[in-house]
Protein chains: 6
Amino acid sequence: MRNNDRKVNQLRPIHMEVNYVKHPEGSVLITVGDTKVICNASIEDRVPPFMRGSGKGWITAEYAMLPRATEQRNIRESSKGKVSGRTMEIQRLIGRSLRAVVDLEKIGERTVWVDCDVIQADGGTRTASITGAFVAVVLAFASLLEKNVLKQMPVTDFLGATSVGVLPDGTEILDLQYEEDSQAHVDMNIVMTGSGEFVEIQGTGEEATFSMEQLQTMLGLANEGLQDIFTLQKQALGKWAGLIGGSAENE
Amino acid sequence: MRNNDRKVNQLRPIHMEVNYVKHPEGSVLITVGDTKVICNASIEDRVPPFMRGSGKGWITAEYAMLPRATEQRNIRESSKGKVSGRTMEIQRLIGRSLRAVVDLEKIGERTVWVDCDVIQADGGTRTASITGAFVAVVLAFASLLEKNVLKQMPVTDFLGATSVGVLPDGTEILDLQYEEDSQAHVDMNIVMTGSGEFVEIQGTGEEATFSMEQLQTMLGLANEGLQDIFTLQKQALGKWAGLIGGSAENE
Amino acid sequence: MRNNDRKVNQLRPIHMEVNYVKHPEGSVLITVGDTKVICNASIEDRVPPFMRGSGKGWITAEYAMLPRATEQRNIRESSKGKVSGRTMEIQRLIGRSLRAVVDLEKIGERTVWVDCDVIQADGGTRTASITGAFVAVVLAFASLLEKNVLKQMPVTDFLGATSVGVLPDGTEILDLQYEEDSQAHVDMNIVMTGSGEFVEIQGTGEEATFSMEQLQTMLGLANEGLQDIFTLQKQALGKWAGLIGGSAENE
Amino acid sequence: MRNNDRKVNQLRPIHMEVNYVKHPEGSVLITVGDTKVICNASIEDRVPPFMRGSGKGWITAEYAMLPRATEQRNIRESSKGKVSGRTMEIQRLIGRSLRAVVDLEKIGERTVWVDCDVIQADGGTRTASITGAFVAVVLAFASLLEKNVLKQMPVTDFLGATSVGVLPDGTEILDLQYEEDSQAHVDMNIVMTGSGEFVEIQGTGEEATFSMEQLQTMLGLANEGLQDIFTLQKQALGKWAGLIGGSAENE
Amino acid sequence: MRNNDRKVNQLRPIHMEVNYVKHPEGSVLITVGDTKVICNASIEDRVPPFMRGSGKGWITAEYAMLPRATEQRNIRESSKGKVSGRTMEIQRLIGRSLRAVVDLEKIGERTVWVDCDVIQADGGTRTASITGAFVAVVLAFASLLEKNVLKQMPVTDFLGATSVGVLPDGTEILDLQYEEDSQAHVDMNIVMTGSGEFVEIQGTGEEATFSMEQLQTMLGLANEGLQDIFTLQKQALGKWAGLIGGSAENE
Amino acid sequence: MRNNDRKVNQLRPIHMEVNYVKHPEGSVLITVGDTKVICNASIEDRVPPFMRGSGKGWITAEYAMLPRATEQRNIRESSKGKVSGRTMEIQRLIGRSLRAVVDLEKIGERTVWVDCDVIQADGGTRTASITGAFVAVVLAFASLLEKNVLKQMPVTDFLGATSVGVLPDGTEILDLQYEEDSQAHVDMNIVMTGSGEFVEIQGTGEEATFSMEQLQTMLGLANEGLQDIFTLQKQALGKWAGLIGGSAENE
């Protein structure tokens with residue numbers, strides 16, 4: 001038992017409220033314990049210059065925190081006039097992960113803008129962002145299906161993310177909340193598809209290291225937690241879930 | 001009747017959810033029709049350099065919109081690396097308005113940071129921000145009263161804001177939503193205290209002008225709407241409402 | 001009597017020197033007491049991207065102070081790498097005000113750049129800028145009339161601005177100089193047309209408020225002062241004054 | 001055999017020239033095939049504000065490319081006025097990795113600035129940077145030992161990095177050069193200590209995924225290659241190699 | 001005769017209006033033909049961090065143009081968010097030149113800020129700036145002498161600047177106006193002291209070169225013109241001129 | 001004899017290693033004593049917007065230092081988010097100098113990007129950059145000749161640069177290294193063509209001045225040193241040296 005009464009392999013309660021904001025094509029408020037992230041997916045009918053004429057689409061992500069999402073107020077990045085390295089790293093991770101399960105050719109020359117804005121933070125904001133953003137993106141594509149702009153759901157598989165880590169006493173745990181995260185020796189984020197393939201593994205020892213054995217234990221914990229996450233995504237997506245990974249348009 | 005079925009002197013439904021985010025000293029989610037703003041007030045135990053040693057406190061505000069709060073996605077100001085003129089104007093207005101009803105000497109050398117983040121926009125985001133921020137600031141001071149850091153509520157009066165305007169057909173209306181705002185010839189924001197004094201009047205004709213008579217009608221509409229707003233603030237604040245404008249600590 | 005020997009409803013001496021700088025299409029040095037502003041209007045034969053193809057023109061303003069226009073030297077905004085909120089607010093006000101009296105359709109797809117550079121500051125720089133910029137803009141259009149680029153003066157009315165305020169003792173006064181402005185409880189800028197319509201009202205209590213009665217007195221003072229300002233503008237414009245608000249081209 | 005005549009588990013030729021630049025406390029030019037990086041380590045006798053008074057030191061890294069290190073000229077980040085997300089990600093990775101094998105308490109309140117400047121790029125610049133920077137940092141500490149500023153080498157273990165990946169045909173390979181990297185479906189960077197512990201695993205599928213089995217094969221390849229890298233570091237460091245991971249000062 | 005009716009060795013008419021702006025310690029409006037520059041010198045009672053404790057003062061200069069000082073409107077550097085290379089070069093030149101004739105030890109730990117703002121440009125703005133700034137700086141020191149803050153004029157010699165160049169037909173000329181400057185093959189700025197020593201020589205062939213013989217002719221022309229400039233400075237400075245290069249305080 | 005055992009008219013050892021980096025069209029590592037600069041010339045098949053349609057090409061230069069090229073580590077300009085005045089001045093000087101010996105019409109609408117990156121600094125980095133960049137540019141054009149993109153070497157003459165100065169004891173010296181440069185009263189950079197014409201003279205007294213006689217002595221020293229530099233450039237360029245200043249294509 002951890003000091004938050006969770007088992008080592010237990011996720012925090014997760015909830016996804018779809019259509020949270022009215023303007024975006026896809027919108028989800030995801031809560032993972034006390035972490036809350038608004039994930040909005042917007043469709044733009046053109047792609048960045050380097051992709052024009054390719055016939056393919058693009059997915060890009062932005063991530064931010066409200067200044068008081070955290071215990072201490074953070075200075076707004078717009079006031080500082082630049083985006084931090086941490087923010088950029090997370091943005092790149094979210095975008096890359098989503099692109100792994102979307103058939104960019106099927107969406108035509110469109111850009112999906114994914115905005116993940118953390119309203120309240122208690123650890124795991126980047127993995128919650130990926131899990132919620134996946135649902136928002138599917139909903140955005142669903143809106144294009146409903147308008148007959150697309151003929152087929154261009155999403156090839158489910159996509160979820162969670163964190164695992166090693167506490168100072170050597171215990172490997174699943175889904176770290178802030179207090180655990182700040183003392184953990186190892187922090188690893190796993191992004192995985194519904195069929196169990198890895199999209200991204202980012203394991204980091206901050207002033208510490210980890211062994212092959214610890215790595216394997218953490219990968220096991222992550223796999224366990226992600227099965228629950230995929231189930232929750234299916235529920236949130238309702239009828240649209242059935243189209244993911246689907247085949248040709250005339251089926 | 002306007003084409004949204006409101007009377008010319010009718011506010012949209014307003015709701016304030018207090019303690020919306022857990023970390024800030026004061027937090028409110030205000031909804032005015034489809035406009036939704038998270039207003040967080042944070043207390044910092046020091047003042048900006050130009051006020052050090054003055055024995056007085058300071059209140060400053062920041063305002064932002066999520067990129068997809070609007071019909072069209074906006075570029076994030078942190079990505080652009082600078083804050084727009086519109087944002088700065090609104091930030092300055094919110095801070096100035098709140099300072100008019102707070103006795104800065106009574107809060108000691110502390111800064112109140114007010115963050116107004118628009119989650120969903122449908123007109124009137126700056127006035128909703130002021131109305132909600134007022135409640136968040138009172139709650140933040142309440143937390144200092146509970147901890148005995150302050151002995152008296154340093155807020156001298158209620159503070160609310162609303163908009164009035166003139167439609168192309170010459171009708172003066174109260175509380176413009178986005179569709180009305182974008183076609184109005186005149187747009188005026190009024191910030192007022194509970195005792196009916198003006199804190200700020202900002203009336204603007206964009207490629208248009210307005211007469212003294214229209215001005216008087218608009219001021220009347222605003223006054224009417226603001227009485228309802230003060231009532232809602234009192235309800236949201238509960239027991240803390242009674243301390244506003246109160247006198248000496250030993251009463 | 002105020003301590004500068006002016007009556008409460010008395011403007012400072014105002015002078016406008018036309019064609020002050022040789023390159024701009026319209027150029028005015030306006031002095032209002034010790035406040036001196038160079039107002040230059042430049043014509044560019046295209047409009048910003050968002051207006052292309054509209055057949056309409058645009059007017060935009062920039063405002064700056066020389067570092068030593070003020071008692072204390074200010075850091076140059078180009079050195080800071082960003083424009084302050086105050087500057088942006090003033091720039092937006094000047095541009096918006098001028099657009100209210102110019103028929104943008106009549107100027108075709110052209111941009112008027114208005115540059116207001118404060119050489120010496122003693123209060124009222126933004127209202128002096130508007131009053132002077134109006135004259136510079138009329139002169140710029142006059143140069144287009146002379147070259148037969150335009151056939152009709154596209155200016156629909158005179159436009160002037162002044163400030164009013166409330167001193168700590170409750171007296172309402174017209175045209176605040178710096179010393180008065182820095183102690184006033186209320187500061188209000190009024191932009192008005194020659195036919196007495198309001199273009200902009202910006203009244204602000206900084207850590208103070210004002211009543212409906214005070215508002216009415218201030219509006220009266222402003223109206224009085226602006227009549228003198230319109231007379232001075234007429235004199236400065238000479239023969240071009242007669243074309244303002246004029247009707248069809250063959251008259 | 002790959003089309004560059006290397007075996008799947010074969011590193012490119014690696015060479016490290018120590019004391020390459022004369023001013024830094026530690027300086028290495030590392031070449032890995034056609035990739036060339038100058039790694040300089042500088043000692044500053046103070047730490048960043050957030051660490052003052054902690055008694056501990058800090059290691060931070062910066063990474064850049066000459067504009068023409070690559071096939072196509074890149075715009076200089078100083079000209080763009082901001083550092084890209086990719087650069088920030090690499091800088092954070094290098095700093096974090098080095099901190100994992102340095103006892104920050106033993107270096108006192110000093111900052112080690114590590115500059116990795118890529119002179120010529122052909123894939124693997126971030127892993128070459130870590131491998132070379134490790135040697136530069138040890139040399140910088142050696143200079144402090146020689147001056148008796150430090151009494152003990154504060155480095156607890158060797159540290160090296162390499163890349164592994166999966167080619168489109170499914171082959172797992174070691175040490176990708178640019179041509180391979182640009183077509184690989186999976187790219188993974190491994191940072192490891194001399195005793196075989198992981199410091200960082202960053203595996204990424206760009207528009208692709210990878211299985212648990214592929215992960216294990218890649219980890220094996222990386223481990224193989226890193227043994228050679230540690231041997232080369234030992235040679236480059238000469239007598240200083242023996243002090244790494246050493247125990248108390250009086251031994 | 002040049003096509004502006006000047007002889008090759010003839011300066012344009014030069015005029016200096018002292019005390020042009022009221023706030024600065026020293027202020028001059030210099031006109032050289034159609035070039036007009038406001039030169040303000042401000043005294044600040046501290047030096048930049050790198051000079052604290054040195055007992056010496058510092059002189060630094062800033063240079064800017066109003067957007068419409070030129071034939072074509074320039075974008076304001078504050079809008080661009082950065083200062084151009086040309087501006088920086090000129091700022092550095094003005095500051096360096098003034099420091100050559102001021103005894104920085106005699107002014108104590110004070111900074112002289114010199115602001116040169118070009119109101120109207122017709123070639124030679126940087127040399128006019130130096131000539132005018134010298135007078136403004138002497139006046140600023142004079143104000144310190146009058147207040148007994150300084151006991152002795154810390155200026156060791158007169159300082160003036162002018163330009164020389166080579167026209168396409170090979171003629172060497174003095175004091176180039178804009179039209180000449182834009183077609184000249186060689187452009188040279190000379191900064192000289194009253195006693196005939198060089199402070200700065202900047203000779204540039206833009207897509208052209210010049211011979212030793214041409215250099216000597218240009219140096220001769222500059223020397224001639226500068227004698228007139230020193231005479232005009234003496235007249236502008238009146239009684240303060242006599243203190244320049246003066247000796248000990250008890251004389 | 002100077003305290004580095006050089007005679008007053010003696011250059012430091014100079015070496016140029018051609019084709020130092022593999023990607024650029026022209027690449028040179030120049031070492032002048034302990035000063036080392038990588039000079040890369042890149043050809044881009046278009047010109048900046050202001051030159052499009054002119055049929056002419058352009059040459060532009062960028063200059064930077066590795067942070068630890070100097071005794072004290074410098075903050076990276078990309079981290080500061082802006083380029084210093086010194087850097088801009090040097091970049092403009094290098095570009096302007098190279099353009100003086102290239103027939104821009106002969107290169108067609110192409111841009112030559114010259115990157116001078118200082119690896120190690122010991123005085124004279126800007127003059128070493130010019131000397132090395134000249135060779136890199138000739139090599140870049142040579143690559144276009146080899147590919148038959150150009151038919152004739154568009155370089156009209158050799159181009160080299162060196163520094164001269166005056167030590168505190170009044171001695172004029174050639175090719176100042178850092179220690180000399182930091183104490184010199186006068187510092188002058190001379191850029192000259194192979195036929196002995198000046199391209200640029202930049203002589204500066206920092207808090208000092210220099211006489212006509214000293215100027216002549218310095219010009220003589222520079223001329224002497226530059227003859228050696230041209231000889232070394234010829235050797236470095238090999239067969240391409242013979243095409244410089246060559247005439248028509250069918251010769």
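The figures that follow rest on heavy atoms only: side chains count, while hydrogens, waters and symmetry mates do not.
Side-chain polar atoms of B:Ser84 and B:Glu77 form a donor-acceptor pair below 3.5 angstrom. When only modelled atom types and interatomic distance are considered, B:Trp113 and B:Glu44 share a side-chain donor-acceptor pair under 3.5 Å. Residues A:Arg2 and A:Gln10 bring no donor and acceptor atom of their side chains to less than 3.5 Å of each other.
Dense packing is recorded around CD of A:Glu17, with more than 12 heavy atoms of other residues, nucleotides or ligands lying under 6.0 Å away. Within a 6.0 Å radius of CZ in A:Arg86, more than 12 heavy atoms belonging to other residues, nucleotides or ligands are found.
For A:Glu25, the parts lying under 4.5 angstrom from a heavy atom of chain B are both the backbone and the side chain. When heavy atoms are compared at a cutoff of 4.5 Å, A:Ser27 does not approach chain B at all. Contact annotation for A:Asp117: only side-chain heavy atoms (C-beta onward) come within less than 4.5 Å of a heavy atom of chain B. Only the backbone of A:Ala69 comes within contact range of chain B, judged by heavy atoms closer than 4.5 Å. For B:Thr70, the part lying under 4.5 angstrom from a heavy atom of chain A is the backbone only. The contact between A:Arg73 and chain B is made entirely by side chain atoms (from C-beta outward), counting heavy-atom distances below 4.5 Å. B:Asn40 touches chain A through its side chain: at least one heavy atom from C-beta onward sits under 4.5 Å away, while N, CA, C and O do not. When heavy atoms are compared at a cutoff of 4.5 Å, A:Ile119 approaches chain B by way of both its backbone and its side chain. Only the backbone of B:Ala41 comes within contact range of chain A, with heavy atoms under 4.5 Å apart.
Options A:Ser78, A:Ala121, A:Gly81 differ in how many heavy-atom pairs under 4.5 Å they form with chain B, and the most are formed by A:Ser78. Listed options B:Arg68, B:Arg76, B:Lys82, B:Glu71 were ranked by heavy-atom pairs under 4.5 angstrom with chain A; first place goes to B:Arg68. Of the residues considered (B:Lys80, B:His23, B:Glu62), B:His23 shows the highest number of contacts with chain A, using heavy-atom pairs under 4.5 Å.
Relative to the six-membered ring of B:Trp58, B:Arg99 meets both conditions, a distance below 6.0 Å and an angle of at most 45° to the axis.
One finds the NZ atom of B:Lys36 at 7.0 Å from the CG atom of B:Asp34 (value rounded to the nearest 0.5 Å). Here the CE atom belonging to A:Met153 is positioned 6.0 Å from the CD1 atom belonging to A:Ile244, to the nearest 0.5 angstrom.
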